[in-house]
2 protein chains.
Amino acid sequence: MTTAEKQKVKQDGGGLLRLDRQICFALYSASSLVTRLYRPLLEPLGLTYPQYLVMLVLWEKTPRTVGELGEALGLDSATLTPLLKRLEAGGLVSRKRDPADERRVLVEPTAKGAALRERAKAVPRAMACQLPLSQDELINLHGTLSRLSRSLRKTERQPG
Amino acid sequence: MTTAEKQKVKQDGGGLLRLDRQICFALYSASSLVTRLYRPLLEPLGLTYPQYLVMLVLWEKTPRTVGELGEALGLDSATLTPLLKRLEAGGLVSRKRDPADERRVLVEPTAKGAALRERAKAVPRAMACQLPLSQDELINLHGTLSRLSRSLRKTERQPG
DNA sequence: AGCGATTAAATCGCACACGATATTATCTCC
DNA sequence: GGAGATAATATCGTGTGCGATTTAATCGCT
């Protein structure tokens with residue numbers, strides 16, 4: 001290593017600030033790119049990517065409260081309320097106060113929203129085909145990310 | 001498997017639509033959580049997470065055009081222009097037209113922006129400590145995500 | 001029963017993110 | 001050297017995200 005190189009390393013703390021070394025950027029970048037890859041698949045369904053995620057949750061079990069959707073997706077009511085109103089305006093879900101507890105809002109797919117599920121079935125396979133990863137890599141990546149998310153959620157719920 | 005279960009599997013295309021099986025959601029979720037983890041570290045520096053990424057790029061080499069920043073980060077001018085104006089308003093970067101080509105805008109850290117780098121050096125290590133992954137897992141994850149991003153960027157630049 | 005604490009959504013303000021379009025400068029080619 | 005093509009930013013409209021606050025309903029406790 002030349003003197004100039006040593007100096008450079010010293011300056012940037014061993015290259016710790018290099019963009020290509022930041023795990024955060026790798027995640028951020030991959031996530032945006034994959035989301036972008038979904039766009040042309042979801043547009044024909046009339047869904048944005050977060051709206052698609054909400055519908056996935058609703059198709060699994062319904063009705064759900066806003067809070068349950070938020071818990072499943074890691075979003076709060078400030079994000080979900082307007083998003084759900086847009087889905088409602090598009091005729092895909094209904095929103096009504098829970099008679100048993102008027103604080104809660106029950107969200108449920110309409111007939112149109114339920115029917116959309118059939119068309120959505122093609123999406124995961126179409127995506128898998130476009131991702132340049134082997135089956136093993138995919139499974140491995142999914143596992144690591146899921147564990148990471150689970151851990152972070154747990155620590156998020158605690159004070160520090 | 002009971003008949004009812006077979007029916008269910010048939011209905012949801014082998015569970016392909018389950019949220020927890022979507023690689024996209026694993027990515028989306030992990031990315032949001034990690035970004036959220038940065039917030040308390042970046043707030044004292046007066047930076048949002050995308051602003052931090054821009055500063056990382058500028059600290060590596062400067063000046064840069066808006067286009068170069070966009071290429072490095074995968075963002076377009078519609079996102080960058082307002083973000084850069086906010087950084088400029090905060091006194092962290094300067095923006096001026098390139099005299100050699102008036103279409104381009106050269107972005108460069110101010111003295112204040114350059115000085116911020118010293119404080120930013122603590123961020124990567126503080127983050128690494130908070131991520132519940134082993135060194136190996138981190139390296140592995142980083143490698144997979146980087147390859148994924150590189151591939152997707154390449155295919156993105158092509159027509160289909 | 002009733003009052004303060006807690007909980008669930010909604011609202012507000014600000015900051016990304018991006019498709020589409022507009023604006024201005026440079027380039028190309030005759 | 002001038003007209004049309006191309007390139008680099010900027011602008012506009014819509015849709016997330018989220019911290020902070022507000023509103024309304026329920027709970028807990030006396």
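Naming convention: chains lettered A, B, ... in sequence-line order (proteins, then strands); numbering from 1 in each chain. Computed over heavy atoms, backbone and side chain alike; hydrogens, waters and symmetry mates excluded.
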To the nearest Å, how far apart are A:Leu80 CG and D:dG15 P? 16 Å

How many whole angstroms separate atom CE of A:Met55 from atom P of D:dT16? 13 Å

Side chain of A:Thr65 - closest among C:dA9, D:dG15, D:dA20: C:dA9

By nearest-heavy-atom nucleotide on DNA chain D, the more 5' of A:Tyr49 and A:Asp101 is A:Tyr49

Measuring only between side-chain heavy atoms, which start at C-beta, is B:Val105 closer than 4.5 Å to B:Asp98? no

Between A:Leu45 and A:Val123, is there a side-chain heavy-atom distance shorter than 4.5 Å? yes

Counting heavy atoms from C-beta on, name the nucleotide in D:dA10, D:dT26, C:dT24 closest to the side chain of B:Arg103. C:dT24

Rounded to whole angstroms, how far apart are CG on B:Leu83 and C1' on D:dA10? 14 Å

Within the structure provided, determine whether A:Glu108 and A:Leu58 are in side-chain contact (heavy-atom separation under 4.5 Å). no

Once you round it to whole Å, what is the distance between P of C:dA25 and CG of B:Leu106? 16 Å

Rounded to whole angstroms, how far apart are CG on B:Leu69 and P on C:dA17? 14 Å

Among the candidates C:dC18, D:dC18, D:dG15, find the nucleotide nearest to the side-chain atoms of B:Leu75. C:dC18

Where the side chain of B:Pro50 is concerned, which of D:dG17, C:dC16, C:dA25 is the nearest nucleotide? C:dC16

By nearest-nucleotide position on DNA chain D, the 5'-leaning member of B:Tyr28 and B:Ser77 is B:Ser77

Atom pair distance, as rounded to whole Å: CD in B:Glu88 and C1' in D:dT9: 14 Å

Among the nucleotides C:dT11, C:dT26, D:dC18, which one has an atom lying closest to any side-chain atom of B:Glu102? C:dT26

B:Asp76 side-chain proximity, nearest of C:dG19, D:dT9, C:dA15: C:dG19

Whole Å only: how far is the CG atom of A:Leu84 from the C1' atom of D:dG17? 14 Å

Quick one: which of C:dC16, D:dT11, D:dG19 gets closest to the side chain of B:Ala78? D:dT11

So, do B:Tyr52 and B:Leu56 sit near enough that their side-chain heavy atoms are less than 4.5 Å apart? yes

Can you find a pair of side-chain heavy atoms, one from B:Asp101 and one from B:Thr65, that are under 4.5 Å apart? no

Within this structure, what is the CG-to-C1' distance between A:Asp98 and C:dT7, rounded to whole angstrom? 14 Å

